[in-house]
Participant: 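This is the structure, below, for whatever I ask next.
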Amino acid sequence: MNTVILLLITGVGLGALYFLVASGLSLIYGLMHVLNFAHGAFLTLGGLLGWEVGRRVGDGTWAGLIVSMLVGMAVGALFAVVTELVFIRRLYNRHIEQVLVTVGLGIASVALFEGIWGTDAIITNKVPWLRGTTTVLGARIPNHIWLLISVAALVLAAIVLFLRYTRYGLIIRAGVENRTMVTALGIDVRKSFTLVFAIGGAAAGLGGVLASVYYGNVSAHQGQSMLIYAFIVTVIGGLGSLTGAAIASVLVAVLQQFANFYLGGTGDLIIVLALAGVLLVRPSGLMGRKLS
Amino acid sequence: MSRIKIVLGALLVLFAALLPRLNLSIPGVLPGPTYTPGTLQILAYAFLIAALALSYHLVFGVAGLLSFGHALFFGAGAYGLAIILRRLLPAELPPGTGLLIAVLLTLALSFVVATVVGSVALRVTGITFAMVTLAFAQAMNVLVRRNTGGITGGEEGVSVTSAMVPSFLIGVRNSANLYWIALAILVVVYLGTLWIERSRIGTVAAAARENELRVRVLGLRPYTVRLFVFTAAGVLAAIAGMGMVLLQSGTTPRVTSADFTLTILVIVVLGGVGYRWGAIVGGMIYTLLDKRLSDLASSDLIASLPGVLRVPLSEPVFILGMVFVLVVMFIPGGIAGLAERIRPQTEESAHGQR
């Protein structure tokens with residue numbers, strides 16, 4: 001029973017991490033039909049620069065961690081906005097080329113990060129409390145899991161509130177629904193493209209800092225390896241659906257944890273099979289709208 | 001195809017076949033004269049990458065399917081051959097027969113794998129298709145890296161048992177033989193690609209890429225046609241993979257990774273989507289650039305630069321990635337498209353020879 005609770009809660013924590021990457025991917029795809037292969041690079045840069053600044057402010061302290069999270073968000077958002085303005089915008093409505101450009105950016109930036117920070121993972125210092133555990137119903141849960149879950153929940157709430165109660169949120173929701181109609185009403189939908197990229201980048205950058213807390217290290221490859229899981233989550237949840245991404249993140253991560261523990265480390269394989277299965281039964285994903 | 005083109009192509013192959021017996025140096029492109037093992041090794045590697053790019057051209061350029069799982073079939077060829085040689089065949093077989101049997105078994109294996117993956121993945125289209133193929137390739141990558149059943153060797157990969165391979169294919173002394181095999185594989189894959197593209201199936205696949213609805217209205221079934229092209233491309237990729245495992249006397253999990261598929265995609269786009277020779281030129285240029293840029297990275301010139309310039313310039317993949325981004329943004333059609341635009345419009349090219 002203890003094991004089940006432990007796996008369940010750590011699974012939700014890992015899911016929180018997936019969600020931070022998948023939420024941006026899903027919003028960007030929903031609005032612009034761009035599958036963003038550079039999203040992992042946003043996460044990596046956020047994590048690396050967040051760590052660089054955070055350890056100078058206070059290595060292994062709360063102040064340092066909070067500063068790194070803010071820096072990670074800012075860096076991720078900035079990187080994403082530059083990507084959108086410089087590269088994606090010029091290829092407006094040419095989806096294959098847009099995907100190819102993000103592929104190139106992803107490959108190039110990982111190589112650049114390797115050149116700057118080296119190929120090996122760098123061990124990071126954790127806040128003392130995050131290194132401890134809390135006992136829940138007999139299971140000893142690592143404290144950093146609580147941080148991941150609460151931050152991801154805050155991000156989810158913030159994005160949902162933004163989409164529901166602001167004018168820009170309204171435009172984005174309308175754009176996902178029917179972009180031609182929004183343009184026809186005289187609204188410059190391109191501003192919301194940049195905005196969606198900024199939100200997605202900020203979430204990914206924050207995810208980068210939290211990934212360094214979760215894994216205890218930062219590396220130039222962190223983003224790319226997480227990106228594949230984020231893709232799987234996004235597609236299972238339904239491309240373009242934020243709720244779908246949230247549900248699928250948790251489902252995928254919990255499934256992965258249980259399979260890793262009970263089926264001899266087959267977690268990765270199981271979620272890939274789950275992806276194939278979901279797509280064959282429901283090609284549009286769990287919460288996705290019917291594909292035309 | 002005009003007769004001149006066939007003659008030119010044959011002459012080019014003949015010239016390539018003679019290279020190991022010639023003493024040609026291209027400073028800055030090749031590491032040494034063409035008869036040296038190092039140069040032959042690099043050229044053979046480039047031929048196999050070009051063959052792989054040609055097979056991907058069938059999927060992406062002809063059928064218009066954005067697959068992120070093509071490395072799966074290359075990996076199936078490489079791992080299949082190495083594992084069958086090592087595990088399945090009795091050691092008493094004479095080396096030549098053993099290799100032949102293993103090659104045939106690997107071909108059958110890759111055919112089955114490609115048919116199964118294709119028949120599942122082709123039930124969906126567009127980005128979803130890309131994701132399903134990525135998922136299959138990722139599953140294979142995980143299986144291989146986990147050392148499933150103790151036969152894939154985990155991160156270290158597998159090596160070819162030298163007892164099962166004829167001695168003229170082993171060692172640095174026999175680089176020329178491996179080079180000729182790589183060249184033969186490139187020619188075979190080229191002819192296979194040409195045949196499929198020119199066949200009725202290839203034509204229907206291209207038509208379905210342009211307008212699926214219209215093909216359906218004509219009473220043809222895009223699914224079957226695409227499955228054929230996808231499977232054929234998978235088998236051709238496996239042939240290139242078998243060449244690679246012989247050339248490098250082993251293989252590592254890298255050839256099954258998503259990054260490797262992305263590299264092939266980059267090559268095909270650099271060369272020019274839809275052009276057969278674009279895929280070959282792209283594969284050759286990419287491989288040679290990759291090698292030369294790595295040498296450049298460790299040169300004194302780069303080491304003397306300030307950090308801002310040194311770090312990006314010493315990462316070949318960074319440079320190649322940025323070149324790729326620029327090509328996608330400013331040179332649609334890649335190298336082949338550029339050449340086509342510069343060349344004066346002849347009767348044939350005006351008819352949209354792609």
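The model shown is predicted, which means the values in this text are computed figures rather than measured ones. Note: hydrogens, waters and symmetry copies are ignored here, and every other heavy atom, side chains too, is used. Numbers restart at 1 for each chain; the letters A, B, ... are given by sequence-line order, proteins then strands.
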Participant: Carefully, step by step, assess B/Phe68 and A/Phe231 under the rule side-chain contact (heavy atoms from CB on, under 4.5 Å).
Facilitator: CA-CA 12 Å; B/Phe68 281 116; A/Phe231 276 149; over 6 Å; no
Participant: Could you tell me which portion of A/Phe37 (side chain, backbone, both or neither) has an atom closer than 4.5 angstrom to a non-hydrogen atom of chain B?
Facilitator: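 It is the side chain, since no backbone atom gets that close.
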Participant: For the CD atom of A/Glu114 and the CD atom of B/Glu315, what is their distance to the nearest 0.5 Å?
Facilitator: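 Rounded to the nearest 0.5 Å, the CD-CD separation comes out at 6.0 Å.
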Participant: Quick check: closest heavy atoms across A/Ala111 and B/Phe318, and the distance to 0.1 Å?
Facilitator: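 So the minimum-distance heavy-atom pair works out to CB-N, 3.4 Å.
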Participant: Got A/Leu239 and B/Met131 here, is their nearest side-chain heavy-atom distance under 4.5 Å?
Facilitator: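 In short, these two side chains do not touch, never coming nearer than 4.5 Å.
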Participant: Of the options B/Leu265, B/Val325, B/Val273, which is the one that meets A/Leu100 in a side chain to side chain contact (heavy atoms under 4.5 Å, CB included)?
Facilitator: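 Of the listed options, the one satisfying the test is B/Leu265.
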Participant: Counting heavy-atom pairs under 4.5 Å with chain A, which one of B/Pro332, B/Gly126, B/Ala135, B/Ala258 comes out on top?
Facilitator: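 The candidate making the most pairs under 4.5 Å is B/Ala135.
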Participant: Can B/Val142 and A/Val272 be said to form a side-chain contact (heavy atoms from CB on, under 4.5 Å), step by step?
Facilitator: CA-CA 10 Å; B/Val142 169; A/Val272 165; 5.9 Å; no
Participant: Specify which of A/Ile228, A/Thr102, A/Ile116 makes the most heavy-atom pairs with chain B at under 4.5 Å.
Facilitator: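 Top option by heavy-atom pairs under 4.5 Å: A/Ile228.
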Participant: Do A/Leu275 and B/Phe136 make a side-chain contact, defined as non-hydrogen atoms from C-beta onward lying under 4.5 Å apart?
Facilitator: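 Side chain of A/Leu275 against side chain of B/Phe136, heavy atoms only: no contact under 4.5 Å found.
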Participant: Given that the side chain runs from C-beta out, which part of A/Val86 has a heavy atom under 4.5 Å from chain B: side chain, backbone, both or neither?
Facilitator: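 Just its backbone gets close to chain B.
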Participant: Select, from A/Val101, A/Ile107, A/Leu112, the one with the greatest count of heavy-atom pairs under 4.5 Å involving chain B.
Facilitator: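 Winner by heavy-atom pair count: A/Leu112.
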